[in-house]
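Data block below; observations after.
On a predicted model such as this, the values are computed, not experimentally measured, just so you know.
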Amino acid sequence: MRTPILLAALFIATTASAQWTLLDSHSTADFRGIDNVGHGIVWVSGTQGTILRSTDNGATWQRCTTPPGADKLDFRGIQAFDAQRAVAMSAGTGDLSRLYVTNNGCQTWSLFFTDPDADGFFDALQARFRPNLQNPSLMLLGDPIRGRFRLWALYPFAVNGKSGPTAVRLQPALNGESIFAASNSSLLVLDTRGDYLFGTGGPQGARIIHNDTDDELAPHSSLAVAPVGDETVSSGIFSIAIKTETGKTLHRWWKPYFDVNELYTTQRAVAVGGDYKKPDDATSVAAYCKSLDPGWGGVVWYAAETQPHGYRSSVAYDPTTKTWITVGPNGTDISTDDGRNWRALTPTSTEPPDADKNWNALSLPFVSGPHGRIGILNPAALKPQPKH
């Protein structure tokens, strides 16, 4: 898009140690795109056609060659597959929304796709097939045109020659409904089959649109209202993340119908946002979902009981510490109970006073923000302490 109190005894506190260690990017660009590939490889993208790459876990950053004709573009999303291959997404009206591809470590870029609609706008680019695959796939999401959201499947590194984007499914949109291209995380690809969900916003409220493929059946969609935002054009869902759990015990009601020794997988989810024009408004910022399996009762999203401390543009889950983390212009919040309650992380006396704030996007343990800001999470910041 164009732009109740928790009892302290029930909450696992975090240590008051460093949280985001600021890294020197040698750039003044505003960064919204970030992708941590692993093995020390991180890509970041932003305004003025800026794309950076690190191969040493953020210790140093290489300024990539600017894609042709892109020196004034705003690269709000980037998805990488290794140190050599990446796809950068610019966001803007019509032909300002583009995809560029590199397969030589950003020495050169080639234009892969331009929004075919004069009023179109790219919002999110997410990988469907990740590293170590010869022919990785991505999904691209765009604002609605003629009353329908637009979604494409992409194979930018096709083995048998160039493969252009393929329209996947056009989802109906409400009047005034749109998507926010704030952190490249309003779209979430759930598996290699192409199941996905994305969050929306606008004057009719926020919704989660979920496309699910059940075994060999045709894909079907479900809709859920999410209590995020205040029903204005500048509010809604800006980011979604999931947590996958395996080996859960079947509820006793289901046991007569299943092998009691059979394990199953469930996906919990958290959505964050609010109103970006009211960054300090801490109402209706986050919601959580206990399971993305619609079952008989459908997917239900609940408002967080203790909200983050203002508008949040990105959320992610850290499986090592079992912690959810969300960032925005006025701070960083964490949750250790799957999004029900949030607590602010604040800088210590040895940190810069703004170490917790002025952030746009997450790809843990990295975070990116305006004016060249890039940070890396200190693991001790999320280390739990015993209950008191």
Side-chain angles (χ1 to χ4, degrees), residues 1-3 19-38 40-67 70-80 83 86-92 96-100 102 105-106 109 121-127 180-187 238-239 241 272-273 276 279 311-316 325-332 352 354-377:
M1 180 185 182
R2 306 155 178 81
T3 216
Q19 45 185 282
W20 299 115
T21 300
L22 303 184
L23 305 175
D24 194 348
S25 69
H26 298 286
S27 174
T28 59
D30 293 342
F31 294 126
R32 293 187 182 276
I34 185 166
D35 193 15
N36 174 27
V37 180
I41 302 165
V42 193
W43 297 69
V44 179
S45 65
T47 55
Q48 302 167 338
T50 306
I51 301 172
L52 307 183
R53 185 189 69 153
S54 175
T55 58
D56 55 10
N57 211 43
T60 59
W61 294 90
Q62 168 198 354
R63 172 68 186 261
C64 294
T65 300
T66 301
D71 56 311
K72 295 183 180 180
L73 294 183
D74 185 358
F75 284 111
R76 298 197 187 185
I78 190 161
Q79 291 288 275
V87 182
M89 179 199 78
S90 65
L96 297 180
S97 282
R98 306 174 192 173
L99 298 182
Y100 288 90
T102 183
C106 73
W109 297 84
F121 198 96
F122 289 166
D123 296 296
L125 177 72
Q126 290 291 325
F180 295 100
S183 61
N184 193 42
S185 55
S186 54
L187 169 68
F238 284 71
S239 180
V272 301
Y276 74 87
Y311 154 72
R312 296 291 178 259
S313 60
S314 188
V315 65
I325 186 165
T326 185
V327 296
N330 75 350
T332 299
D354 64 345
D356 63 322
K357 54 178 63 81
N358 298 321
W359 298 116
N360 291 328
L362 290 165
S363 185
L364 291 177
F366 294 91
V367 63
S368 63
H371 310 302
R373 286 173 65 88
I374 303 175
I376 185 170
L377 184 68

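Here the CZ-CG distance, from Arg76 to Asn360, works out to 9.5 Å after rounding to the nearest 0.5 Å. To the nearest 0.5 Å, atoms CG (Leu99) and CG (Leu125) are separated by 6.0 Å. If you take OG on Ser368 and CG on Leu23, they are separated by 11.0 Å, rounding to the nearest 0.5 Å. To the nearest 0.5 Å, the span separating CG on Asn36 from CG on Leu362 amounts to 11.5 Å. For the atom pair CG (Asp35) and CD1 (Ile41), the distance works out to 10.5 Å, reported to the nearest 0.5 Å. Atoms CG and CZ, from Leu96 and Phe122 in turn, are 11.0 Å apart once rounded to the nearest 0.5 Å.
With sequence neighbours excluded, the residues that form a side-chain hydrogen bond (donor to acceptor under 3.5 Å, both in side chains) with Asn330 are Asp280, Arg312. When the side chain to side chain contact (heavy atoms under 4.5 Å, CB included) test is applied to Ser183, the partners found at least two apart in sequence or on another chain are Ser185, Ser239, Ser314, Ala361. Under the rule for a side-chain hydrogen bond (donor to acceptor under 3.5 Å, both in side chains), Ser97 has no partner lying at least two apart in sequence or in another chain. With sequence neighbours left out, Ser54 forms a side-chain hydrogen bond (donor to acceptor under 3.5 Å, both in side chains) with Asp56. Scored by the salt bridge (Lys or Arg N to Asp or Glu O under 4.0 Å) test, Arg373 finds Asp354 as partners (sequence neighbours excluded). Shown here are the side-chain hydrogen bond (donor to acceptor under 3.5 Å, both in side chains) partners of Thr28, two or more places apart in sequence or in another chain: there are none.
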>> Test side-chain contact (heavy atoms from CB on, under 4.5 Å) on Val42 and Ile376; report intermediate values, then the result.
In response: CA-CA 11 Å; Val42 193; Ile376 185 170; over 6 Å; no
>> Between Arg32 and Asn184, is the side-chain contact (heavy atoms from CB on, under 4.5 Å) condition met? List the steps.
In response: CA-CA 7 Å; Arg32 293 187 182 276; Asn184 193 42; over 6 Å; no
> Going through the checks in order, is the side-chain contact (heavy atoms from CB on, under 4.5 Å) test met by Trp43 and Ser363?
Replying inline: CA-CA 10 Å; Trp43 297 69; Ser363 185; over 6 Å; no
>> Working note: Phe31 + Thr50, criterion side-chain contact (heavy atoms from CB on, under 4.5 Å); need CA distance, chi angles, decisive distance, verdict.
In response: CA-CA 8 Å; Phe31 294 126; Thr50 306; 3.9 Å; yes
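In this structure, the side chain of Thr47 engages the main chain of Asp30 through a donor-acceptor pair within 3.5 Å. Side-chain N or O atoms of Thr102 include none that pairs as donor or acceptor with a backbone N or O of Ala86 at under 3.5 Å. Between the side chain of Ser45 and the main chain of Phe75, a donor-acceptor pair closer than 3.5 Å is present. Between the side chain of Gln48 and the main chain of Ala29, no donor-acceptor pair closer than 3.5 Å is present.
Looking only at side-chain heavy atoms (C-beta outward), Leu52 and Ile374 come within less than 4.5 Å of each other. Taking the side chain as every heavy atom from C-beta outward, Phe366 and Val44 never approach each other to under 4.5 Å. By the 4.5 Å heavy-atom criterion applied to side chains, Pro67 and Arg98 are not counted as neighbours. Leu377 has its side chain within reach of Trp20: a pair of non-hydrogen atoms, C-beta onward, lies under 4.5 Å apart.
Side-chain polar atoms of Thr332 and Trp359 form no donor-acceptor pair below 3.5 angstrom.
The two residues Ser25 and Trp61 have their closest heavy-atom pair at CA-CD1, 4.1 Å. Listed here is the closest heavy atom pair of Ile78 and Gly33: CG2-C, 4.0 Å. Nearest heavy-atom pair across Gly105 and Arg53 is CA-NH1, 3.6 Å.
Using cut-offs of 30° and 60° for the angle between ring planes, the Phe180 and Phe238 rings count as parallel.
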